There are 2 protein chains.
Amino acid sequence: MVRFYVWISLTIVFLFKAADSNLTPRVRLTEKEVNFRKWGLPGNTVRTELLQGPQGNSLYVGGHGKLLYIKLDTSILPEEVDFPKRGDKKSSVNPTASNNCDYDITTLHIANDSHLLVCGTNGYHPQCHFVNRKPFGSFGESIAAEGIAPFSVTERAPSVYVGNELYAAANSHANGNSLAIRRLGLRSIWPDTNKKEQRYVSMVLSGPREDPVQDRVYTFLVERNSDTRPEADIWTSWVTQVCAADVGGTKSILQKSWTSRLSARLSCGIPEKRMYFNRLVDVAVLKAERWNDSMVYALFNNSWGMSAVCVYTMGDIDRIFTTSKFRGYNDNLPSARPGVCVKESTKLPSEVLRLIKDHPEMESPVEPVRGGGPLMVSHRYYRHIRVDGVTGSDGRRHRVLFLSLESGGVHKVLDHDGEAFIIAELQPFPNKTRILNMLLQSSQRKLYVASSSEVVEVDLKSCQGYGDQCVACVQARDPYCSWDRTQCTSASRNGIQDVEQGNHAVCTNTDGVASPSRSKAQKIFRWSKHYLECPMFSSHAQYVWKHNGADKECVRTEGSCLLLIDSMTPEHDGSYECVSSEGGYSSTVVEYDLETESGAGGLVASPLASACLLLLLALLG
Amino acid sequence: MVRFYVWISLTIVFLFKAADSNLTPRVRLTEKEVNFRKWGLPGNTVRTELLQGPQGNSLYVGGHGKLLYIKLDTSILPEEVDFPKRGDKKSSVNPTASNNCDYDITTLHIANDSHLLVCGTNGYHPQCHFVNRKPFGSFGESIAAEGIAPFSVTERAPSVYVGNELYAAANSHANGNSLAIRRLGLRSIWPDTNKKEQRYVSMVLSGPREDPVQDRVYTFLVERNSDTRPEADIWTSWVTQVCAADVGGTKSILQKSWTSRLSARLSCGIPEKRMYFNRLVDVAVLKAERWNDSMVYALFNNSWGMSAVCVYTMGDIDRIFTTSKFRGYNDNLPSARPGVCVKESTKLPSEVLRLIKDHPEMESPVEPVRGGGPLMVSHRYYRHIRVDGVTGSDGRRHRVLFLSLESGGVHKVLDHDGEAFIIAELQPFPNKTRILNMLLQSSQRKLYVASSSEVVEVDLKSCQGYGDQCVACVQARDPYCSWDRTQCTSASRNGIQDVEQGNHAVCTNTDGVASPSRSKAQKIFRWSKHYLECPMFSSHAQYVWKHNGADKECVRTEGSCLLLIDSMTPEHDGSYECVSSEGGYSSTVVEYDLETESGAGGLVASPLASACLLLLLALLG
């Protein structure tokens with residue numbers, strides 16, 4: 001019979017080249033294997049803001065006209081507070097917005113013990129409200145949010161709350177082209193907007209430092225490349241610093257504006273291959289005890305639909321700002337180096353201010369840690385990145401990334417000394433869903449994934465999905481998990497695990513040895529079709545059927561390895577073992593015994609026939 | 001049961017985005033479906049040169065120390081001639097070569113009616129031999145081939161035979177760095193070697209033109225990018241012209257050197273996305289009646305493991321050389337434009353010669369036809385390209401490409417008005433094999449594919465693989481094929497076909513309507529496992545099982561759509577149809593009828609039981 005092959009198989013060769021098995025999720029975990037809790041979101045939001053409560057036992061969710069307050073350790077329904085549409089319709093002239101009076105929440109902060117700061121689009125007149133936390137919901141003071149929060153629900157405008165002040169990078173006019181990094185509060189900074197085409201991605205505090213005066217706020221952004229030659233990418237990625245202590249310059253220069261704003265290129269690529277990722281998509285920071293050891297995980301993509309993760313340290317970024325040459329400036333630097341934070345920026349010498357004003361670009365780029373290569377390059381298109389530090393059963397600290405996929409999945413990735421290993425693809429949603437946001441609640445080891453209609457809580461320490469054997473638990477290399485001699489469960493001090501290697505040898509034979517579901521011999525009628533099914537647990541494992549000493553190849557389906565028997569004959573009698581091999585360890589997944597039931601067997605199958613025989617014998621006897 | 005999914009499925013989402021179904025081979029054709037003839041090659045060659053005999057009924061194959069002469073329309077064994085190893089071992093000093101006395105054939109030309117020109121490495125002392133054609137094999141004159149043929153078997157050195165002269169682009173010294181385009185013959189041209197790092201890819205004659213003096217030889221090459229900035233690719237692609245009439249310059253300047261050598265960038269990419277392909281891999285030319293309509297199909301790749309095909313016309317290339325500005329030269333051009341071919345190049349004014357010498361680069365690049373985009377961009381990594389012009393059953397001329405894959409497959413691609421459609425993936429080799437060379441014998445509609453151990457003849461007009469229905473034949477969109485009202489066979493004037501659309505409507509109901517292999521009701525014993533299999537002919541089609549009016553999804557394996565019945569019960573009784581849908585046409589591929597055989601049914605199945613009953617009745621009666 002003529003046979004063709006589906007195109008998926010045709011692409012394997014390429015993909016094997018493109019992605020080595022480490023960049024293939026080892027397993028896929030759905031709600032069957034992992035504990036997911038879900039909360040529905042009112043309406044259908046296009047943007048979801050997530051904020052965790054201080055104790056990590058509560059969650060604030062901002063959406064379309066509503067703010068939810070979820071008490072995580074209870075099962076009581078979330079509390080809600082409404083943000084009314086903007087009343088005044090006359091000024092709603094923006095044609096692009098379908099119903100442009102909506103209040104879509106775009107910004108969420110914990111302002112202080114008593115209040116949240118909640119900002120939203122408010123029909124292209126962005127507004128912030130202080131909202132009471134306990135009791136939840138009553139409104140406090142409200143402020144206009146131009147330059148603090150975005151005008152449109154699709155616009156990204158990162159901000160951080162430091163002390164009693166808000167640092168924000170947003171447009172100050174509905175028509176755009178009014179981006180700047182601003183500070184709202186007692187020491188408000190309101191610089192002229194730069195004319196560059198930029199998209200702000202993320203904002204973080206670089207600190208706290210030994211000397212608080214040196215604390216900085218870093219803003220990560222993409223900017224249209226000034227280099228317009230065809231070879232050059234359309235976008236470039238940057239990190240910008242401003243000093244927290246900065247209160248602006250003198251009356252004559254940079255008054256009420258940053259005197260410490262410097263920018264440096266973020267480099268991410270494989271230079272020898274001239275492969276560069278220039279489009280920053282998202283940023284996650286893994287805080288360390290010492291601020292300069294804190295790691296910045298940056299997610300990039302390129303026009304080829306690929307993604308890359310590059311890792312930088314706060315210390316490296318700081319070093320560029322404090323040591324690099326200033327682009328386009330070759331004279332000697334003033335004694336007080338521009339960009340170094342000072343107590344009283346109003347007293348800075350004008351030459352320093354002028355240099356900051358005229359040459360805000362560093363010549364040297366920030367290079368990733370460890371030889372400057374990406375941690376991983378993938379043909380998947382990731383949208384969000386989060387990073388967690390996990391103490392494994394070995395007592396060591398491990399780094400785990402969470403990368404959201406367009407399909408609605410999340411890749412759980414181990415960063416082991418700069419080598420990425422995709423532990424699993426989590427599937428919080430039953431169907432293809434666009435992930436709008438993710439929040440990692442490290443203390444509780446929970447990940448919250450938001451779609452337009454629900455928030456799903458992923459329990460990162462639910463480990464039973466890896467199987468009920470020590471080896472399976474160890475080969476998973478999941479630092480959240482270890483083998484407690486009875487099951488694969490959340491990592492504990494004396495659990496068995498090998499995050500570094502996933503080496504099965506750490507398991508002793510007594511640690512739950514393979515116990516395949518052996519069933520007694522099945523009788524299969526002669527000439528009839530039959531099939532044996534073997535679930536494929538790991539995409540990194542090889543599966544094969546063994547029958548009477550001979551290997552039989554799998555007929556692979558999405559999730560299992562089949563053995564098809566077109567017509568049962570005695571040659572098919574005997575035992576069938578489905579053997580999986582991974583990392584030098586082989587085990588029998590399932591085992592069957594088949595036996596051909598010949599025609600005469602029909603007799604046995606027929607009680608009537610046997611009864612008749614007995615009766616006949618009786619009569620004859 | 002816990003279920004995981006193999007990584008292949010995890011990559012589907014990305015691939016669907018990356019490659020629309022048109023860039024997925026619709027079908028896969030192996031030796032089961034297509035007529036392949038095979039000839040073994042002596043030894044294990046790392047390079048295979050293919051040359052077709054003048055009548056297209058013979059094939060010359062050059063390999064490791066041997067030249068084969070294959071008479072295609074006979075079954076007699078190929079004739080062989082040996083090229084002995086180089087005797088003199090003393091000078092074999094090159095350490096890189098393992099056994100560097102070998103004579104590996106690198107160049108094959110038909111010199112004239114009586115002789116072939118055969119060149120080989122000859123142990124790093126390249127040498128050419130004139131070899132008698134009939135009778136085949138006896139050696140004629142031999143010449144040293146430095147600067148004509150490569151020193152190493154891995155080196156590419158294209159050449160063309162025009163008139164009695166050989167144009168070649170090769171190194172003239174074993175140590176490399178001695179590349180140039182040279183002409184051997186009565187009017188030998190031996191220019192100084194340029195110091196640029198280049199790799200010559202292909203050489204073709206641009207002509208014959210109305211005025212023979214204007215005939216040119218084009219050489220296609222990649223060159224290390226002089227632009228060393230990180231964004232710029234390492235390589236750039238070029239086409240270089242020299243005039244066939246060129247006999248060199250004056251005593252004072254460019255004597256014995258080209259006076260007409262000009263180079264222009266080959267551009268291939270998607271400017272708005274800044275996606276460029278800069279590394280030329282292979283070139284194929286589709287000759288047209290008028291030389292300037294001839295089409296140049298250029299295969300490029302990039303560092304991301306992707307490929308692209310861009311198409312240029314000879315006329316467009318010519319226009320750049322005859323109209324573009326000269327890079328770095330802004331004064332008025334001399335009356336005789338440099339690079340325009342002249343009868344007596346020795347009489348060219350020195351200012352023309354100097355301009356050619358100092359500014360051999362065109363400012364404008366050669367842009368692809370039709371809006372300047374690639375014909376196709378693929379995530380597969382192609383190595384060779386060939387192009388054929390085929391007159392379909394509609395009497396129209398169609399263009400078909402053949403692209404070799406690293407896996408040993410060949411993609412047969414329709415270029416329909418600049419839109420690529422991958423008709424099929426041909427599988428000439430049973431296993432993963434590296435394709436070393438391809439030769440298209442258009443007149444015979446044959447493609448010859450060479451590996452290190454054999455040459456396979458692919459019959460391009462063997463069409464039965466597309467199935468035994470008009471619709472299947474038409475949806476294949478293969479211009480070599482059409483439906484002759486009884487079968488899918490080589491295209492004929494009044495055959496039924498629709499290369500443009502693949503629209504099934506051109507088939508009348510009488511043209512072999514779907515006739516699924518309907519089998520009478522099968523009795524399946526209750527509680528037993530069973531499966532139904534449906535072959536998936538086309539990767540562009542959707543397949544589904546219909547049972548009692550309900551759709552059941554496929555369990556997809558590599559080549560078929562399965563329906564698994566875990567335990568047979570009466571609910572499973574009834575008819576099962578596997579329905580495929582493609583291009584708005586649905587047809588039943590296979591059809592089954594199942595019926596549960598209950599326990600009592602065993603009675604019927606048991607002759608013994610029935611006999612007993614009869615006997616019993618007789619006794620009681």
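Values in this document were obtained by computation on a predicted structure and should not be read as measured data.
- For the atom pair CD of A:Glu558 and CZ of B:Arg556, the computed distance is 10.0 Å after rounding to the nearest 0.5 Å.
- Between the CG atom of B:Asp566 and the CD atom of A:Glu533 there is a distance of 7.5 Å, given to the nearest 0.5 Å.
- Neither the backbone nor the side chain of B:Ser528 comes within less than 4.5 Å of any heavy atom of chain A.
- The CH2 atom of A:Trp304 sits 5.5 Å away from atom CE of B:Met306, with the distance rounded to the nearest 0.5 Å.
- B:Lys273 contributes atom NZ, which lies 10.5 Å from atom CG of A:Asn302 (distance to the nearest 0.5 angstrom).
- Every residue meeting the ring-ring contact (aromatic ring centres under 6.0 Å, His included) condition with A:Tyr576, not counting sequence neighbours, appears here in chain and number order: A:His547.
- Rounding to the nearest 0.5 Å gives a distance of 7.0 Å between CG of B:Asn225 and CZ of A:Arg274.
- In A:Arg434, the CZ atom is not crowded: 12 or fewer heavy atoms of neighbouring residues, nucleotides or ligands sit closer than 6.0 Å.
- Taking NZ of A:Lys529 as the reference point, atom NZ of B:Lys529 lies at 16.0 Å (rounded to 0.5 Å).
- No more than 12 heavy-atom neighbours from other residues, nucleotides or ligands sit within 6.0 angstrom of CD on B:Glu553.
- Taking the six-membered ring where the residue is Trp, B:Phe525 and A:Phe525 present parallel rings, their angle staying beneath 30° rather than reaching 60°.
- With sequence neighbours left out, A:Arg383 forms a salt bridge (charged side-chain N to carboxylate O under 4.0 Å, His left out) with A:Glu406.
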Evaluate side chain to side chain contact (heavy atoms under 4.5 Å, CB included) for B:Val555 paired with A:Tyr531, printing each intermediate quantity in order. CA-CA 13 Å; B:Val555 175; A:Tyr531 70 91; over 6 Å; no
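- With a 4.5 Å cut-off on non-hydrogen atoms, A:Asn278 does not touch chain B at all.
- The parts of B:Leu564 that come within reach of chain A are both its backbone and its side chain, each placing non-hydrogen atoms under 4.5 angstrom from that chain.
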